[in-house]
Each structure stands twice: as C-alpha cells, then as structure tokens.
Protein chains: 2
Amino acid sequence: MIFQVDFKSGKPVYLQLVDQIRYAAAAGALRSGEPLPSIRPLAEELRVNRNTIAKAYAELEGQGVIETIPGKGCFLKKSDSPFNKPVRQKLLAAEIDEAVVMAHHLQVDREKFLALVKERLDYFERKSDAKKND
Amino acid sequence: MIFQVDFKSGKPVYLQLVDQIRYAAAAGALRSGEPLPSIRPLAEELRVNRNTIAKAYAELEGQGVIETIPGKGCFLKKSDSPFNKPVRQKLLAAEIDEAVVMAHHLQVDREKFLALVKERLDYFERKSDAKKND
DNA sequence: TTTACTGTCATAGAACAGTATGACAGTTGG
DNA sequence: CCAACTGTCATACTGTTCTATGACAGTAAA
C-alpha cells in the first residue's frame with residue numbers, strides 16, 4: 001500500500017490519508033485484519049510528523065474503519081459499521097443528495113446520472129474482485 | 001424562500017446558506033432569474049453579519065449558481081454550469097465515489113444503494129415538479 | 001531486564017477560517 | 001443632484017485547525 005500526500009493541495013495531510021485509506025479499504029486494496037503501516041516509519045517516508053499520521057489513524061478509528069491494539073499496531077476492522085440501520089440510511093442519503101444536487105447544477109440528467117453511478121459501482125467491484133484473486 | 005441558520009451546529013453559517021440555496025435551486029424552490037434576498041435585510045432577519053451573507057453569495061457566484069449585478073442585486077443563473085463535459089463528469093464521479101465508499105463501509109449492498117439513489121432522485125424530481133405546477 | 005518496537009498524550013506555535021466594522025462604488029427613483 | 005437602496009473591499013479580531021516536539025505507556029523478543 002503506497003500513500004501520497006500533496007502539500008500544496010490545501011487539504012490537510014491527515015485528511016488526505018483518511019480518504020486514501022477509506023478508498024483503499026472500499027476497493028479491496030486493504031483487507032480485513034491487515035495491518036496498516038506503523039506510524040513512525042510511514043511518517044518518515046512521507047516526510048510528515050508522526051502525530052499527523054497518528055491523527056489520521058485516530059480519525060479512522062473513530063469512524064470504525066480501523067482498530068488499534070496498544071503496543072501492537074493498527075489493523076483494518078472486519079465489520080466496520082458501528083451504526084444501526086436507520087442511521088446508516090440517513091448518513092448515506094445525505095451523501096447521495098450531495099451528488100444529486102451537483103448533478104442538477106451540472107445539468108446531468110437522470111439517466112446519465114444513474115449510468116455514472118453504476119459505472120462507479122462497477123469500478124470498485126472490479127478492483128475488489130481483482131484483489132481477491134491474486 | 002425562508003432560510004434558517006443553526007448557530008450551534010458547528011457548521012459555518014455562510015456554508016449553511018450556500019447549501020440551502022443550492023438545494024433550493026436543485027429542488028426548484030428557486031427558479032432561474034429569480035432575485036435572491038438582498039444582503040442587508042437578510043442579514044438582519046437572520047441576526048447575522050452582512051458579510052456572512054455576502055460571503056455565501058460570493059461562494060455561490062464562484063460555483064456558477066448565482067449571478068450578481070452591481071448595484072442591483074443577486075439572481076439565480078439560468079444555465080449554471082461553467083464547466084465543459086469532461087470536467088463535469090470528473091467532478092461528479094468524485095462526488096459519487098464518496099457515496100460509494102461510504103456505502104461500502106456501512107455495508108450497504110449494490111442493490112440497496114441503487115434503490116436509495118433512485119429514491120433520492122425521485123424526491124428532488126417531485127419537489128421540482130410540484131413547484132412548477134403552482 | 002533490557003532493547004526496540006508499537007501507539008498516546010500534553011503542550012505549543014503558526015496558519016487559517018469565520019465573523020465583524022467601516023468606508024466605498026454602482027443603480028434607481030424622487 | 002440627492003437619498004436610499006444594491007453589492008464590495010480592506011481591515012481586524014477571535015477562535016479553531018493543523019502540525020510539531022517531547023515525554024510517556026504497552027508489547028514482544030533477546
């Protein structure tokens with residue numbers, strides 16, 4: 001797993017990492033139980049402060065994506081949804097609304113939008129499957 | 001059009017307004033060419049500084065949602081996409097990916113996800129249609 | 001136990017975001 | 001022209017966010 005940070009993007013480094021790890025987990029590049037790079041070496045590699053990595057990991061733990069075992073390290077959680085069904089749906093609906101509103105402003109019609117959604121779903125599924133069979 | 005701000009939500013007031021106006025435009029509650037409330041009266045009504053409203057409007061202008069005519073006021077733009085087709089698709093794909101990744105972490109499967117997307121699309125279409133026929 | 005690794009916490013400083021005030025410029029109608 | 005309205009800009013204050021440093025605590029193996 002290779003991470004990249006862009007210092008001039010304006011986006012906080014720790015959030016860039018959070019996103020990358022969430023994406024990697026969703027795309028299957030990181031799998032359940034797999035260990036994440038430990039904080040200090042990764043910080044050195046990315047030329048970033050230890051605590052910046054630590055903050056990213058802490059955020060991911062808060063989101064229920066990873067799990068940290070004191071003295072051992074951080075690992076990808078198996079089942080990573082700490083929320084119940086109605087809360088899940090509400091969170092997800094809000095996220096989807098963002099995309100729907102944007103589609104409207106960009107003048108992308110319903111059919112084009114649905115096609116794009118399916119394309120993105122396929123993209124993640126392909127990536128995930130490819131990883132399984134290696 | 002009535003706006004509401006929540007001071008204890010943690011979310012910046014000007015961004016709350018940006019979202020509300022974008023949503024209102026997408027849902028048809030605000031229509032092309034329609035004037036937005038002028039800055040000072042709206043600021044007074046919401047008990048907010050003038051510049052907070054001004055910032056929200058400036059942000060919306062940057063996004064191509066509204067248009068401001070010096071000395072006259074701010075108006076909803078007719079066709080509000082200043083981007084070309086490939087850029088549009090890329091922006092939208094990124095937004096959709098956010099939702100797809102979240103769906104994965106919340107363990108919402110493909111079919112459920114697609115159903116939810118359709119439901120949200122319908123929701124906005126209904127709102128928009130209702131407004132047209134009044 | 002010692003050493004070398006894991007993550008954690010308290011603290012501090014720099015940069016940024018959010019908001020507020022006052023002075024300014026364009027438009028419209030009396 | 002003048003008054004009352006529109007949005008704009010420069011500036012400053014405040015609180016928060018982001019990053020960095022150093023000391024600390026748990027785990028594992030020699």
Side-chain angles (χ1 to χ4, degrees), chain A residues 1 3-22 25 30 33-78 80, chain B residues 1 3-22 25 30 33-78 80:
Chain A
M1 188 62 212
F3 300 109
Q4 285 187 330
V5 292
D6 176 4
F7 291 100
K8 54 187 183 324
S9 79
K11 189 166 187 174
V13 172
Y14 86 99
L15 283 181
Q16 293 183 38
L17 288 171
V18 167
D19 281 349
Q20 285 180 44
I21 294 170
R22 280 172 61 89
L30 280 171
E34 227 174 291
L36 273 71
S38 47
I39 290 181
R40 270 159 248 241
L42 180 57
E44 200 168 337
E45 189 188 323
L46 299 178
R47 309 295 182 85
V48 155
N49 191 272
R50 318 186 284 263
N51 254 17
T52 301
I53 310 287
K55 190 168 187 180
Y57 283 9
E59 172 69 23
L60 286 164
E61 177 153 43
Q63 293 180 10
V65 176
I66 70 176
E67 185 174 24
T68 127
I69 301 175
K72 298 193 73 175
C74 295
F75 305 85
L76 218 67
K77 258 198 177 176
K78 312 218 186 303
D80 59 1
Chain B
M1 189 61 212
F3 300 109
Q4 285 187 330
V5 292
D6 177 4
F7 291 101
K8 51 188 187 322
S9 79
K11 189 166 188 174
V13 171
Y14 86 99
L15 283 182
Q16 293 182 38
L17 288 170
V18 168
D19 282 349
Q20 284 179 44
I21 295 170
R22 280 171 60 90
L30 280 172
E34 226 174 292
L36 274 71
S38 47
I39 291 182
R40 271 161 248 240
L42 180 57
E44 202 168 335
E45 189 189 323
L46 299 178
R47 311 292 182 84
V48 156
N49 191 272
R50 316 187 284 264
N51 257 15
T52 302
I53 310 288
K55 190 167 187 180
Y57 283 9
E59 172 70 23
L60 286 164
E61 178 153 43
Q63 293 179 11
V65 177
I66 71 176
E67 185 174 23
T68 129
I69 300 176
K72 298 193 71 174
C74 295
F75 305 85
L76 218 67
K77 259 199 176 173
K78 311 216 186 308
D80 61 358

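Nothing here was measured: the structure is a model prediction, and the numbers come from that model. Chain naming here is simple, since letters A, B, ... match the order of the sequence lines and numbering starts at 1 in each.
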Among residues two or more places apart or on two chains, list those pairs meeting side-chain hydrogen bond (donor to acceptor under 3.5 Å, both in side chains) that have a residue in residues 67-76 of chain B. none
Would you mind building the protein contact string for nucleotides 4-17 of chain C? One character per nucleotide, 5' to 3', B for base within reach (heavy atoms under 4.0 Å), S for sugar-phosphate only, - for untouched. --BBBBB-------
Mind calculating the distance between CG (A:L42) and P (D:dT19) to the nearest angstrom? 14 Å
To the nearest Å, give me how far apart NZ (B:K11) and C1' (C:dT19) are. 17 Å
Could you tabulate the donor-acceptor pairs under 3.5 Å formed by side-chain atoms of residues 9-19 of chain A, not counting sequence neighbours?
unit_1	atom_1	unit_2	atom_2	d
A:S9	OG	A:D6	O	3.3
A:S9	OG	A:K11	N	3.0
A:S9	OG	A:Q16	NE2	3.1
A:K11	NZ	A:D19	OD2	2.5
A:Q16	OE1	A:D6	N	2.9
A:Q16	NE2	A:D6	O	3.0
A:Q16	NE2	A:K11	O	2.8

Would you find more than 12 non-hydrogen atoms of other residues, nucleotides or ligands less than 6.0 Å from B:E44 atom CD? no
Measure from CZ on B:F75 to P on D:dT6 and round the result to the nearest Å. 11 Å
Separation of C:dT19 C1' from B:N49 CG (nearest whole Å): 6 Å
How far does CZ of B:F3 sit from CG of B:L46, to the nearest 0.5 angstrom? 8.5 Å
Under 4.0 Å between a side-chain N/O of B:T52 and OP1 or OP2 of C:dG18, yes or no? no
Roughly, in whole Å, what's the span from CD1 in A:I53 to C1' in D:dC18? 13 Å
Closest non-hydrogen atoms of B:L36 and B:F75, given as atom of the first, atom of the second and distance, are CD1-C, 4.0 Å
List the atom pairs, donor and acceptor, that lie under 3.5 Å between side-chain atoms in residues 50-59 of chain B and the rest of the protein, sequence neighbours left out.
unit_1	atom_1	unit_2	atom_2	d
B:Y57	OH	B:P37	O	2.7
B:E59	OE2	B:Q63	NE2	2.8

